[in-house]
There are 2 protein chains.
Amino acid sequence: MPNLLNTCTSHSGNRDFNHCSNCRLSGICLPLSLEFSDIDRLDAIVQKGKPLQKGEILYRSGDDFTAIYAIRSGAIKTWQTSREGEIQITGFHLAGEVIGLDGPATNRLSNSAQALQTTSVCAIPFSKLESLSRQVPGLQRNLLQLLSREITSEQRHFGLLGHASADTRVAALLLSLSARHERHNLSATRFTLPMSRGDMANFLGLTLETVSRVFSRMQKQQVITACGKELEILDSTALHNLAHHSD
Amino acid sequence: MPNLLNTCTSHSGNRDFNHCSNCRLSGICLPLSLEFSDIDRLDAIVQKGKPLQKGEILYRSGDDFTAIYAIRSGAIKTWQTSREGEIQITGFHLAGEVIGLDGPATNRLSNSAQALQTTSVCAIPFSKLESLSRQVPGLQRNLLQLLSREITSEQRHFGLLGHASADTRVAALLLSLSARHERHNLSATRFTLPMSRGDMANFLGLTLETVSRVFSRMQKQQVITACGKELEILDSTALHNLAHHSD
DNA sequence: CGCCCAGTTGAAGAATTTCAAACGATGTGG
DNA sequence: CCACATCGTTTGAAATTCTTCAACTGGGCG
């Protein structure tokens, strides 16, 4: 399918989608509730690169931290590797979300990031963002909020990983994806999963087989329909019940 | 035991411990590598309260977010409550660590915080900190670093919760506490656990009984000695091996 | 055409949880 | 001062859930 958000990349008009002020994600991205003039200043430091192809690596664990990345379209997975080489997926990130927030900790990225499908991102050089946010309080606030949200969303994930059944974990992930689609006025009940079963499993602290079995069970119970990565949520109430640790 | 850090609270001398510049935690706390004059400006907004007693609540989930808290001494646990009322402990925090970083996300605290022992904290009003950090780039950097470190440390916890055995989880927690004691030039091999077995279990995504069994096993294998909350690490190599998922 | 990859399904196994009982320390009231 | 209740912890045995190992399927692609 064509990447609508990027059809304007080539021409130089001022009113194309290639500026924060016209980006349809400005309502949920870093520019949120900034003045127009401030958005333009942010816009000036943001670098729009060419789209990443599926499988392309955006950055690797250990890379110098220079920028954070706002996802314009597509999907990215981030992960860490333990000393023993085991990987742990730390998140799936969709349009409007910002990644690289682990960088300021040590000035090196601790996660790696890879496109799960064709994905375009805005790179926001961090030192420039830092100095701009010193001058634009609203931007400073948004930046801190971004980091803090990452903290709370990870903490919410603790609950899943710590105390939830396999059904609950899978249901929670599906609902989270669903909700994030809805924010973009996309269908909350029908969408395609950007990641493999194995990725879901890793993220959820399960095995691939368990995730597959949960999918089968949910289909048998008419809660979802899954054909490969195409997902339809048939009974969102039931899914919510599952996500909240009932049986 | 007397709380040395607070013996000076009453008199008004300039060179007591009641200022960031003289706090023995300044090497790991927010003032890290700031100029003296800037530390004084930070100092001016920091509020040192009276110590919390064991069990006292510092803040509750849902409270308005007004300040972050630096722990001067003692220990604090933070947790969240799910919709169903299940609690998930999100962290144990020792001297030199900062909590409340979940606040900026929504301007309400999503965690609750409770003292696990007598604990004194500095409250740092966030709006003042925000404006001061606009003027002091080093402070802005430290603040962002603080949030980012929280993100990475939580991500590291994912690995444990997702893919580690009970032994590994417990070993990792003990080593984490040990390392944090060492930073304060306290014994890395002998200290008292501030939290209950149940708290450890909850944090690690296990049951109280499992944690207890792991403790027993580790004692049988001469890796640790645990008498109630008094812990001694006998074989730190073995503990490290356990923490890295071997058997 | 045949290989490979992602996913599904089955059966056996392992680890943790659950349920239950008992312990020691601490604190309270008779 | 002792009996009794409580709390945090330990330990045992059974139950459960998830994992592991293995075989099989179907689509995509050289």
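Basis for what follows: all heavy atoms, side chains included, without hydrogens, waters or symmetry-related copies. So you know, we letter chains A, B, ... as the sequences are listed, proteins then strands, and number each from 1.
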Task: Pair A:Asp102, B:Gln155: side-chain N/O donor-acceptor within cut-off below 3.5 Å - done: no
- [ ] Kindly compute the distance separating CD1 (A:Ile68) from SG (A:Cys122), expressed to the nearest 0.5 Å.
- [x] 10.5 Å
Open item on the list: What is the distance, to the nearest angstrom, from the CG atom on B:Leu160 to the C1' atom on C:dT16?
Closed with: 16 Å
- [ ] Give the C-alpha distance, both sets of side-chain angles, the deciding distance and a yes or no for side-chain contact (heavy atoms from CB on, under 4.5 Å) between B:Thr168 and B:His163.
- [x] CA-CA 10 Å; B:Thr168 299; B:His163 304 289; over 6 Å; no
Open item on the list: Output the rounded distance in Å from CG (B:Asn202) to P (D:dG8).
Closed with: 14 Å
- [ ] Starting from Watson-Crick (N1-N3 plus N6-O4 or O6-N4) and G-U wobble pairs under 3.5 Å, report the runs of at least three that DNA chain C belongs to.
- [x] C:1-30 with D:1-30
Task: Sub-4.0 Å heavy-atom contacts from residues 207-219 of chain A onto DNA chain C, ordered by number - done: A:Leu208, A:Glu209, A:Ser212, A:Arg213, A:Ser216
- [ ] Would you kindly give the NE2-to-P distance between B:His163 and D:dC18, to the nearest whole Å?
- [x] 15 Å
Task: Short N-O contact, A:Arg108 and A:Asp64, less than 4.0 angstrom - done: yes
Open item on the list: Does the plane of the ring in A:His157 sit parallel, tilted or perpendicular to the ring in B:Phe158? Use 30° and 60° as the thresholds.
Closed with: perpendicular
TODO: Starting at atom CZ of A:Arg169, determine the distance to atom C1' of D:dT19, rounded to an integer number of angstrom.
DONE: 13 Å
Open item on the list: Is any side-chain heavy atom of B:Met200 closer than 4.5 Å to one of B:Leu174?
Closed with: yes
Open item on the list: Please report the distance, rounded to the nearest Å, between CG in B:Asp167 and C1' in C:dA15.
Closed with: 10 Å
Open item on the list: I'd like to check the salt bridge (Lys or Arg N to Asp or Glu O under 4.0 Å) partners of B:Arg217; sequence neighbours left out, ordered by chain and number.
Closed with: B:Asp167
- [ ] Give, for atom OG of B:Ser148 and atom CD1 of A:Ile151, the distance between the pair rounded to the nearest 0.5 Å.
- [x] 8.5 Å
- [ ] To the nearest Å, give me how far apart NZ (B:Lys220) and C1' (D:dT10) are.
- [x] 11 Å
Task: Rounded distance (nearest 0.5 Å) linking atom OG1 of A:Thr78 with atom CZ of A:Phe92 - done: 8.5 Å
TODO: Using whole Å, report how far CG of B:Leu206 lies from P of D:dC18.
DONE: 15 Å
- [ ] Provide, to the nearest angstrom, the distance between the NZ atom belonging to B:Lys229 and the P atom belonging to C:dA25.
- [x] 15 Å
